[in-house]
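Take a look at the structure set out below.
The structure displayed is predicted, hence computed values, not measured ones.
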Amino acid sequence: MPVYSLYVISKSGGVIYHQSYSKDAPKLSMNEYLMLGSMFHSLYAITSELSPVPGPTGGSSSGMQVLESDTFRLQCFQTPTGIKFYMTTDLGMTNAENLLKTCYELYTDYVVKNPFYELDQPIRCELFDINLEKLLGTDRT
């Protein structure tokens, strides 16, 4: 049960990282990635305001967590700083939320602690890529 792709969206809605981990993942242009990022960001914001039930802290809800279609699942994890990690997976993937949290840990270890990285800029960090490939690059069951 594969992970198809991973997206990291900045708190302003821009795609700062995207990577495919399956040959079945669609091949998109850079413009399409930018459109996806702004669409994911907007959808998350809208769903957090639409909830008729207040969130656990009394405010708005936490927004979209899972979107499921008949062919794939889109799982989201928002960090305390507003960065969003999205993962598209096979429908049989049961541990996507834990994988996203692990991706966030890798982000904090290899990207945020990198003295050459500027927040909200595209992520170009070889150690981050290598460790994500180890985590997500093979089919999961």
Side-chain angles (χ1 to χ4, degrees), residues 1-51 53-141:
M1 288 160 238
V3 170
Y4 297 125
S5 54
L6 174 71
Y7 305 91
V8 181
I9 313 294
S10 70
K11 58 186 165 193
S12 62
V15 176
I16 57 175
Y17 186 84
H18 61 84
Q19 185 66 40
S20 296
Y21 294 96
S22 170
K23 63 179 175 26
D24 297 327
K27 308 294 185 251
L28 303 175
S29 70
M30 188 50 96
N31 282 341
E32 290 169 321
Y33 281 117
L34 293 174
M35 286 183 350
L36 275 177
S38 62
M39 191 172 11
F40 290 162
H41 180 74
S42 299
L43 188 60
Y44 190 92
I46 290 167
T47 57
S48 67
E49 296 298 321
L50 282 177
S51 175
V53 179
T57 60
S60 61
S61 78
S62 62
M64 182 182 72
Q65 308 256 327
V66 178
L67 175 74
E68 195 168 297
S69 77
D70 58 342
T71 57
F72 74 97
R73 175 179 293 144
L74 176 72
Q75 182 87 32
C76 177
F77 171 70
Q78 179 169 322
T79 69
T81 59
I83 304 270
K84 294 171 197 69
F85 286 76
Y86 285 93
M87 180 183 291
T88 56
T89 68
D90 184 79
L91 289 172
M93 177 70 73
T94 58
N95 64 340
E97 185 175 1
N98 292 333
L99 282 174
L100 283 171
K101 289 178 181 177
T102 305
C103 291
Y104 175 56
E105 290 172 11
L106 294 174
Y107 169 79
T108 58
D109 287 344
Y110 298 109
V111 178
V112 175
K113 293 177 184 177
N114 182 340
F116 300 107
Y117 178 70
E118 293 183 39
L119 289 177
D120 291 336
Q121 294 300 308
I123 298 170
R124 291 181 180 85
C125 180
E126 188 176 352
L127 286 174
F128 183 60
D129 291 334
I130 290 168
N131 284 285
L132 280 176
E133 182 65 34
K134 286 179 188 175
L135 179 67
L136 306 173
T138 59
D139 286 352
R140 315 240 151 256
T141 56

Leu74 and Val66: CA distance, side-chain angles, deciding distance, side-chain contact (heavy atoms from CB on, under 4.5 Å) verdict: CA-CA 6 Å; Leu74 176 72; Val66 178; over 6 Å; no
Pairwise side-chain contact, Ile9 with Ile16, heavy-atom cut-off 4.5 Å (strictly under): no
Passing option when Arg73 is tested against Asp90, Thr94, Thr89 for side-chain contact (heavy atoms from CB on, under 4.5 Å): Thr89
Atom pair OH/SG of Tyr7 and Cys103 - distance to nearest 0.5 Å: 13.5 Å
N-O pairing of Glu105 and Lys101 below 4.0 Å: no
Asp70 CG to Leu91 CG distance, which is reported to the nearest 0.5 Å: 7.5 Å
Neighbour count >12 (heavy atoms, 6.0 Å) for atom NZ, Lys27: yes
Test log, rule side-chain contact (heavy atoms from CB on, under 4.5 Å), inputs Phe77 and Lys84: CA-CA 6 Å; Phe77 171 70; Lys84 294 171 197 69; over 6 Å; no
side-chain hydrogen bond (donor to acceptor under 3.5 Å, both in side chains) between Ser5 and Thr88, worked out: CA-CA 5 Å; Ser5 54; Thr88 56; 2.6 Å; yes
Close side-chain approach of Tyr44 to Cys76, heavy-atom, < 4.5 Å: yes
Contact check, side chains of Lys134 and Ile130, non-hydrogen atoms, under 4.5 Å: yes
Geometric class of the Phe85/Tyr104 ring pair [parallel <30°, tilted 30-60°, perpendicular >60°]: perpendicular
Leu6 vs Leu136, side-chain contact (heavy atoms from CB on, under 4.5 Å): CA-CA, chis, key distance, verdict: CA-CA 9 Å; Leu6 174 71; Leu136 306 173; 4.1 Å; yes
Option passing ring pair (Phe, Tyr, Trp, His ring centres under 6.0 Å) with Phe128 (candidates Tyr117, Tyr17, Tyr110): Tyr17
Derivation of the side-chain contact (heavy atoms from CB on, under 4.5 Å) call for Lys11 and Thr81: CA-CA 8 Å; Lys11 58 186 165 193; Thr81 59; 5.7 Å; no
Nearest heavy atoms of His41 and Gly13, plus distance in Å: CG-CA, 3.4 Å
Rounded distance [0.5 Å steps], OG1 in Thr102 versus CG in Asp109: 11.0 Å
Spatial distance of atom CE (Met64) from atom OG (Ser42) [nearest 0.5 Å]: 10.5 Å
Heavy atoms from other residues, nucleotides or ligands near CD of Gln121 exceed 12 (cutoff 6.0 Å): yes
Close side-chain approach of Phe72 and Tyr4, heavy atoms under 4.5 Å: yes
Nearest-0.5 Å distance that lies between atom CE in Met93 and atom CD in Gln75: 10.0 Å
Donor-acceptor contact present, side-chain Ser69 to main-chain Thr71, <3.5 Å: yes
Nearest non-hydrogen partners of Ser29 and Glu32, listed with the distance: N-OE1, 2.7 Å
Residue among Ile83, Thr79, Val15 satisfying side-chain contact (heavy atoms from CB on, under 4.5 Å) with Val8: Ile83
Expected output: side-chain Tyr86 to main-chain Phe40 donor-acceptor under 3.5 Å: yes
Atom CD of Glu68: over 12 foreign heavy atoms under 6.0 Å: yes
Mutual orientation of the aromatic rings belonging to His18 and Tyr33 [parallel < 30°, tilted 30-60°, perpendicular > 60°]: parallel
Spacing of Ile123 atom CD1 and Glu118 atom CD [to the nearest 0.5 Å]: 13.0 Å
